[in-house]
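Every value quoted in this text rests on a predicted model; they were computed, and no experiment measured them. Letters go in sequence order (proteins before strands), and every chain restarts at 1.
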Protein chains: 2
Amino acid sequence: MRILVVEDDRTTADYIADGLRREGHAVDALAQGRDALVRATTEDYDVLVVDRMLPGLDGLSLVKALRAARVATPVLFLTSLGGVDDRIEGLNAGGDDYLVKPFAFGELSARVAALARRPRMQEAVTELVAGDLRMDLLARRVTRAGQEIDLLPREFALLEQLLRRKGRVLTRTMLLESVWDIRFDPQTNVVETHVSRLRAKIDKPFETELIKTVRGAGYRIEG
Amino acid sequence: MRILVVEDDRTTADYIADGLRREGHAVDALAQGRDALVRATTEDYDVLVVDRMLPGLDGLSLVKALRAARVATPVLFLTSLGGVDDRIEGLNAGGDDYLVKPFAFGELSARVAALARRPRMQEAVTELVAGDLRMDLLARRVTRAGQEIDLLPREFALLEQLLRRKGRVLTRTMLLESVWDIRFDPQTNVVETHVSRLRAKIDKPFETELIKTVRGAGYRIEG
DNA sequence: AGATCGCGATGCGCATCCTTGTGGTGGAAG
DNA sequence: CTTCCACCACAAGGATGCGCATCGCGATCT
């Protein structure tokens with residue numbers, strides 16, 4: 001499989017490129033958006049892995065330009081947290097999926113494979129589902145049993161993470177990283193607090209509870 | 001196939017025009033942007049081949065003007081080397097493809113054919129609808145529940161963007177870019193202000209509200 | 001033709017409301 | 001009985017919306 005990685009941070013770029021090569025893919029890596037635009041339009045890749053922040057031409061503009069030039073290669077965005085706007089814009093701009101740094105390599109690998117596998121020119125990963133709960137990332141809307149639920153930004157981000165790793169346990173530390181961008185471990189109980197608030201909205205009013213507590217570990221949402 | 005070539009350099013213009021004629025196309029050639037604007041709006045071409053640098057009215061402005069006038073004829077830009085930025089700018093302006101000089105004639109021919117072949121992208125999107133709200137782009141009229149509403153230019157542009165991406169969230173950043181043409185992020189709240197005014201006209205007087213605020217993200221109009 | 005006037009459109013400042021993290025307390029699980 | 005988790009109330013900070021001043025344009029009069 002041919003993969004182009006566009007990432008200006010050398011360490012991250014190597015980390016990704018080496019990992020993917022070890023899995024048997026042909027990987028090219030570039031640091032500049034401009035270079036990537038040229039390369040991606042001339043060569044034929046199966047997947048592009050693109051950092052949102054790039055020198056020269058940022059990732060978003062790069063993908064916009066590619067789409068405008070009718071290059072339909074699936075794109076996986078790497079976004080360094082936070083920017084809720086960033087993610088929405090990324091998806092709207094024609095990104096097909098995104099991954100919030102920091103991420104586990106296995107995660108990246110799985111997403112890349114998923115992107116390459118699915119038929120081209122498809123709509124992005126736009127909807128996450130668990131049971132009768134649906135989350136539409138572009139509309140930024142959540143419904144359960146057909147009923148609309150509105151969530152605050154933090155609640156939304158939290159639920160999104162849980163849904164993206166549906167079936168797996170997310171530790172407090174992982175959630176602090178991906179939702180709050182806190183890498184060290186301060187004495188805080190934000191996670192518990194927000195899980196509680198989230199439950200009040202998506203579990204309490206319904207029959208079955210989706211968010212399970214895993215004592216001593218973290219939380220998990222059912223497949 | 002009818003093709004209009006807009007290029008001020010006589011040698012290049014002849015090179016292109018003759019080549020295309022030899023392939024059996026009907027080719028007109030003009031040297032001035034202004035002439036091209038008139039011709040392209042009155043005659044019916046399959047493809048325009050436009051140089052970026054033109055005397056009088058440059059290629060970029062020409063295409064912007066055409067798009068504003070709802071002329072959807074596909075455009076192939078000719079740009080003189082290098083300027084990757086130019087390419088992006090051109091694509092944003094509504095150009096459909098790019099060719100960097102110097103180029104091989106075969107390349108040009110192939111791109112022109114590709115442009116003509118593909119289904120018209122912006123075909124006759126003349127009316128935007130959401131619920132009982134209708135926007136007629138040509139007449140520049142908006143009605144809701146059969147009642148005419150008049151909007152100021154900014155309000156109209158804002159509503160148009162929201163309708164074009166109906167069902168998705170548009171962030172403040174995206175709106176600043178598409179409605180105000182502001183690419184950096186100034187400390188301004190124009191978006192909120194105008195959304196407020198727009199609501200006063202299209203939502204307040206009616207039962208259901210169409211424009212939803214998505215806290216922390218942006219605005220969305222219902223599908 | 002030029003200058004002045006008046007009105008409407010636009011963006012900014014500020015008040016308001018909402019969101020979110022903290023600390024504390026009670027309760028459940030092991 | 002201890003530890004971990006759920007939930008509550010509160011305060012601070014941030015996001016949002018509305019009134020007001022300004023700017024620009026077109027009309028009118030000289």
- prompt: Base, sugar-phosphate alone, or nothing: which one does T193(B) contact when heavy atoms must sit under 4.0 Å apart?
  reply: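 Result for T193(B) = base.
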- request: Under 4.0 Å between any heavy atoms, over every strand shown, what does R215(A) touch: base, sugar-phosphate, or nothing? Just pick one.
  value: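 Base contact.
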query: Crowded around M53(A) CE? As in, over 12 foreign heavy atoms under 6.0 Å?
result: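 Check fails, neighbour count at 12 or below.
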- prompt: Can you pull the contact range of chain A along DNA chain C, 5' to 3', using atoms under 4.0 angstrom from its heavy atoms?
  reply: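 Nucleotide range with atoms under 4.0 Å of chain A: dT19(C) to dA29(C).
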Any Lys/Arg nitrogen of [X] or [Y] sitting under 4.0 Å from an Asp/Glu carboxylate oxygen of the other?
{"X": "R39(B)", "Y": "D35(B)", "answer": "no"}
{"X": "R168(A)", "Y": "E107(A)", "answer": "yes"}
{"X": "D44(B)", "Y": "R2(B)", "answer": "no"}
{"X": "E155(B)", "Y": "R197(B)", "answer": "no"}
{"X": "D132(B)", "Y": "R144(B)", "answer": "yes"}

Considering just the side-chain nitrogens and oxygens of [X], establish if one lies under 4.0 Å of OP1 or OP2 belonging to [N].
{"X": "S196(A)", "N": "dC7(D)", "value": "yes"}
{"X": "R172(A)", "N": "dC5(D)", "value": "yes"}
{"X": "Y219(A)", "N": "dA6(D)", "value": "yes"}

- request: Can you tell me the distance, in whole Å, between the CG atom of N189(A) and the P atom of dA9(D)?
  value: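 Result: 16 Å.
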task: For H194(A) and dC5(D), give me the distance from atom NE2 to atom P, rounded to whole Å.
output: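 Distance, rounded to whole Å: 17 Å.
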Toward the 5' end of DNA chain C, by each residue's nearest nucleotide, R154(B) or R154(A):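 The 5'-side residue here is R154(B).
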- request: Map R197(B) and E192(B) onto DNA chain D by nearest heavy atom, then report which one ends up closer to the 5' terminus.
  value: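 Result: E192(B).
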